[in-house]
Amino acid sequence: MALVAPPFSCRHRLPIHGTAHRSNGRCFLKSIFIPQASLSLTTQNHQGLSLTPTNTSNSELSLPQEINKLCESGNLAEALVLLQRDSDNVAFDLSQRAEAMSVLLQACGHRKDIEVGRKLHEVVATSTQFSNNPVLTTRIITMYSMCGSPWDSRTLFDQLQTKNLYQWNSLVSGYTRNELWYDAMSLFCELVTVTEHKPDNFTLPCVIKACGGLLDMGLGQAVHGIAVKMSLILDVFVGNALIAMYGKCGFVKEAVKVFEYMPERNLVSWNSMICGFSENGFSQECFDVFREMLVGEEGLIPDVATLVTILPVCAGEENVEMGKMVHGLVVKLGLDHELMVSNALMDMYAKCGFLSKAHALFEKNDNKNVVSWNSMIGGYSREGNVGGTFNLLQKMQMDNEKIKANEVTILNVLPVCLEKSELLNVKELHGYSLRHRFQYDELVANSFISAYAKCGSLSSAEHVFYGLEAKTVSSWNALIGGCAQNGDPLKALHLFLQMRYSGLNPDWFSISSLLLACAHLKSLQNGKEIQGFAYRNGLETDPFIDEALNLFRQMVSNGIQPYEIAIMSVFGACSQLSALQLGKEIHCFALKAHLTEDIFVGCSIIDMYAKCGSIEQSQRIFDRLKEKDEASWTVMIAGYGIHGRGKEAIELFEKMKRLRLKPDGFTFIGILMACCHGGLVEEGLNYFDQMQTLHGIEPQLAHYSCVVDMLGRAGRFNDALKLVDEMPEKPDAGIWSSLLSSCRIYGELDLGKKVAEKLLALEPDKAENYVLVSNLFAKLGNWDIVRRVRGRMKAIGLRKDVGCSWITVGGKIYHFVVSDMMLPEAEEIHKVWRRLEEKISGVGYIPDTGSVLHELKEEEKIEMLRGHSEKLAISFGLLKTPKGVTLRICKNLRICRDCHNAIKFVSKVVDREIIVRDNKRFHHFRDGFCSCGDYW
DNA sequence: ATAGGGTTAG
């Protein structure tokens, strides 16, 4: 094939750029990789290219020539005056006048001068000779769309009595030019279905581009089909448009196919191909195609578009060697003064870490625009160079070329404000963007939301968020991510729900943030808050953690590799739900992804199995861990703690000390909890003492809480109160509430009253506390006080958290709310329980109506007990699982005395192990006994 | 008369 550059590219480019390539006749590209033969073209292309021939030898210019001269110097208004003045001049015939109008219309389009364009339109429309001139109307349609006002194009188009294909094409291209992809598509449909016109090689490229704009690959394929049927696929423009469209839609393979089968290719085809690879992250392919384009048999010379496509690839890959080579090519082609090229070069050097080289280019270049400044500012910003960034920003504003900052500037500067969490700078920048109306840009607004959140100013973040007119998934994500990362995980979850209610679908970012929130929430008591939250918000289906886990699965099955943090978060979420099956599944995934060796992930896995009730599995994982640190030992000890296996916890703790590992504050929380749940009071007190004397660890509130709880449960109220007095910190509500429940167990009415007062004074707006207080008095039959407490609760509008239990069957989590009559299989479930109740009554079960806090008749109380959610969950589990399978139930509140008693009997009569996790610990029921030894 | 590829951020 002859190495002839297609005339198209230059003809197309020249009117825009105005400069032609210079060639000194030498083979200037040889040193890179261009074959010599390609050379002759540059000069050849040069000829006959000027827009309109000007006849300078003749002092008498024709009207079109004169208009053209004025247009070239930018005097469009003058040209219009000239046209109008000579409207009666017979010296100019009609065709000359029409041509002159054409020239002016074109110039209006190029220079976006809609004022003059509109006046000229009026002139044409009101004249009898020209109003129906199809050439002129086409030009007016084009002019309006080039001025960014395709609506005016449409108005004129609709007024036309008859429309030819030129006019249709002009309007379609006007829509695509203004990125009104949908309008372009529907106009095309109209053209095909309503008119006799057949779309041609001018129509299709626009339509194909619109498909790309809509990112609608299906539509694009359909148009591709039309192109094939009409044999328009042979057209270079159509082929090029297809390459670009497939690239935009993410189907590079299709783009390559089109490229390979094209009967004729030009520079644009190559550029589009490189661009397609670039957009889809195939950097090596970009370089390969670029090289092939230069040295292959077609041997084309790159133009500005090629260079500004390939340079960002070098930048993205930080491949400065390639970048330098392209730079050499740029110089040899004489394109180093092209603004876009020099900008791309600067950006490339900056991104490759050669900031001073970039700066040198920047200084040398006196032709700068916003992009130039932004690229440099971005360079300093990425380096975290606060001074350099702000210095440039200031210089930019003082620059006498009056280049104004834009949205990208803001986006570049914002990250450096976060370097030192500079809230002040963020606020200042925000003020600036408000004044310049940049906050209407979605990206800018979202960046401010996350920036404020990162600086710890959630309220400002929310302020920006709620001020948004249209909230997209990204806006929600910015706020959700901010809350998740900045210590308000519950708010993150709340927002997640709100987003779903507003009809938006969460994406991967939302889910990651949610997972992060779940990880932070691990410290909350077994997800109790989350469950309560979900139910208070009327979430009837599975709670969102469940959904997050489902989405995590999708993420995995879509081949998206989660980071360690995501894995850990998911384990955290499993722990909260006690979703053993799911936890196992994710454990398998982590194994396959070789993430289990990670010391943190290993830790989460141990924690997950323990919190999902499978302490033996935790121990196995723990034993196999190659690398164990203090944290690994601590989660293992704490795991035994929540299972009430104090002895094992103590063994581990002693072993840990023998290995000379240093227990820290967290380890002591674990061991104290273990002693507390295992009823090992003396041991616990001993460790509490050791912790201070031997290890020099100052006990925190959490340690005191454990010990006070431990003493209270053992009925040693004097010791407990003594410790409360000795505490350096003020006791919190947790301490009072644990004491209060101990008072209930031991019937300590007087102390209970005092403790209740303290608790309600400290946390007057927490429903749980009122429930605790009323439980105490209800147990003693003091209904008067119960009624008063309940009344007070009602008066301040508090409602008790709904009791809720859940069980996993077949990988799905089923929830049961107390006295839930809306259950899908309510009939069967209740029947199962009735039968069980008969059976266990035969072996000694007597309903413990003391657990019912309402004033009801005895029979009604018994009916209430039957509705407790854990009983429903167990009945469901028995109904749905084969004989002998262990049932694992979770509950958001503490298990009641009657249920605890009943489940002991059930475990005996159905001969199954039943594991219940309440909001404090695990209960393993087997053969009529519970692992907690009725001490909880 | 009407057409395809292109720099900064995400």
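The sequence lines fix the lettering, A, B, ..., with proteins before strands; numbering per chain opens at 1.
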Nearest to side-chain heavy atoms of [X], which nucleotide of [options]:
X        : options             : value
A:Ala305 : B:dT7, B:dT2, B:dG6 : B:dG6
A:Leu411 : B:dG6, B:dA9, B:dT2 : B:dA9
A:Asn169 : B:dG4, B:dT2, B:dT8 : B:dT2
A:Phe237 : B:dT2, B:dG6, B:dA3 : B:dA3
A:Glu279 : B:dG6, B:dA3, B:dT8 : B:dG6

query: Base, sugar-phosphate, or nothing for A:Thr138, non-hydrogen atoms under 4.0 angstrom?
result: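 Counting heavy atoms under 4.0 Å across all strands, the contact made by A:Thr138 includes a base.
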query: Which part of the nucleic acid, if any, lies within contact of A:Asn201, taking any heavy atom under 4.0 Å across all strands shown: a base, the sugar-phosphate backbone alone, or nothing?
result: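 Base contact - A:Asn201 has a heavy atom under 4.0 Å of at least one base atom.
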Under 3.5 Å, is there a donor on one side chain and an acceptor on the other for [X] and [Y]?
X        : Y        : value
A:Asp158 : A:Thr155 : no
A:Asn240 : A:Asn266 : yes
A:Asp200 : A:Thr203 : yes

Could you tell me whether a side-chain N or O of [X] sits under 3.5 Å from a main-chain N or O of [Y], the two making a donor and an acceptor?
X        : Y        : result
A:Ser153 : A:Ser145 : yes
A:Lys112 : A:Met146 : yes
A:Asn280 : A:Gly276 : yes

Nearest whole Å is fine: how far is [N] [atom2] from [X] [atom1]?
X        : N     : atom1 : atom2 : value
A:Leu443 : B:dA9 : CG    : P     : 11 Å
A:Met146 : B:dT2 : CE    : C1'   : 12 Å
A:Phe188 : B:dA3 : CZ    : P     : 16 Å
A:Leu307 : B:dT8 : CG    : C1'   : 17 Å
A:Asn266 : B:dA3 : CG    : C1'   : 12 Å
A:Ile226 : B:dA3 : CD1   : P     : 20 Å
A:His224 : B:dG4 : NE2   : P     : 18 Å
A:Leu311 : B:dG6 : CG    : P     : 15 Å

message: Let's test your reading of the model: under 3.5 Å, does the base of B:dA1 pair with the side chain of A:Asn164 as donor and acceptor?
response: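 It does, because a donor-acceptor pair links the side chain of A:Asn164 to the base of B:dA1 below 3.5 Å.
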- prompt: Is the base of B:dG6 touched by the side chain of A:Asp303 through a donor-acceptor pair closer than 3.5 angstrom?
  reply: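 Checked by distance alone, the answer is no.
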- prompt: Among residues 345-363 of chain A, which residues get a heavy atom nearer than 4.0 Å to DNA chain B?
  reply: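 Contacts with DNA chain B under 4.0 Å: A:Asp347, A:Lys351.
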query: Does anything in residues 372-380 of chain A reach DNA chain B, meaning a heavy atom under 4.0 Å, and if so which residues?
result: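 The answer is A:Asn374, A:Ser375.
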I want to check one thing: is the phosphate of [N], taken as OP1 and OP2, less than 4.0 Å away from some side-chain N or O of [X]?
X        : N     : answer
A:Lys209 : B:dT2 : no
A:Ser272 : B:dG4 : no
A:Arg177 : B:dA3 : yes

message: Between A:Phe188 and A:Trp168, is the ring centroid distance below 6.0 Å?
response: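 They do not qualify: ring centres at least 6.0 Å apart.
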Counterpart residues, ring-ring contact (aromatic ring centres under 6.0 Å, His included), relative to A:Phe354 (two or more places apart):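 For A:Phe354, no residue satisfies ring-ring contact (aromatic ring centres under 6.0 Å, His included) once neighbours in sequence are set aside.
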task: Indicate whether A:Tyr166 forms a stack on B:dT2; treat it as stacked only if centroid distance is below 5.5 angstrom and interplanar angle below 30 degrees.
output: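 No, A:Tyr166 does not stack on the base of B:dT2.
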- request: Applying side-chain contact (heavy atoms from CB on, under 4.5 Å) between A:Ile243 and each of A:Met262, A:Lys257, A:Lys248, report the one that passes.
  value: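 Result for side-chain contact (heavy atoms from CB on, under 4.5 Å) with A:Ile243: A:Met262.
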task: For A:Phe287 and A:Met325, run side-chain contact (heavy atoms from CB on, under 4.5 Å): C-alpha distance rounded to whole Å, both residues' side-chain angles, the deciding distance at 0.1 Å, then the answer.
output: CA-CA 11 Å; A:Phe287 297 140; A:Met325 216 140 82; over 6 Å; no
field: Note: A:Arg118-A:Asp152 ion pair, threshold 4.0 Å (strictly below)
entry: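 Yes.
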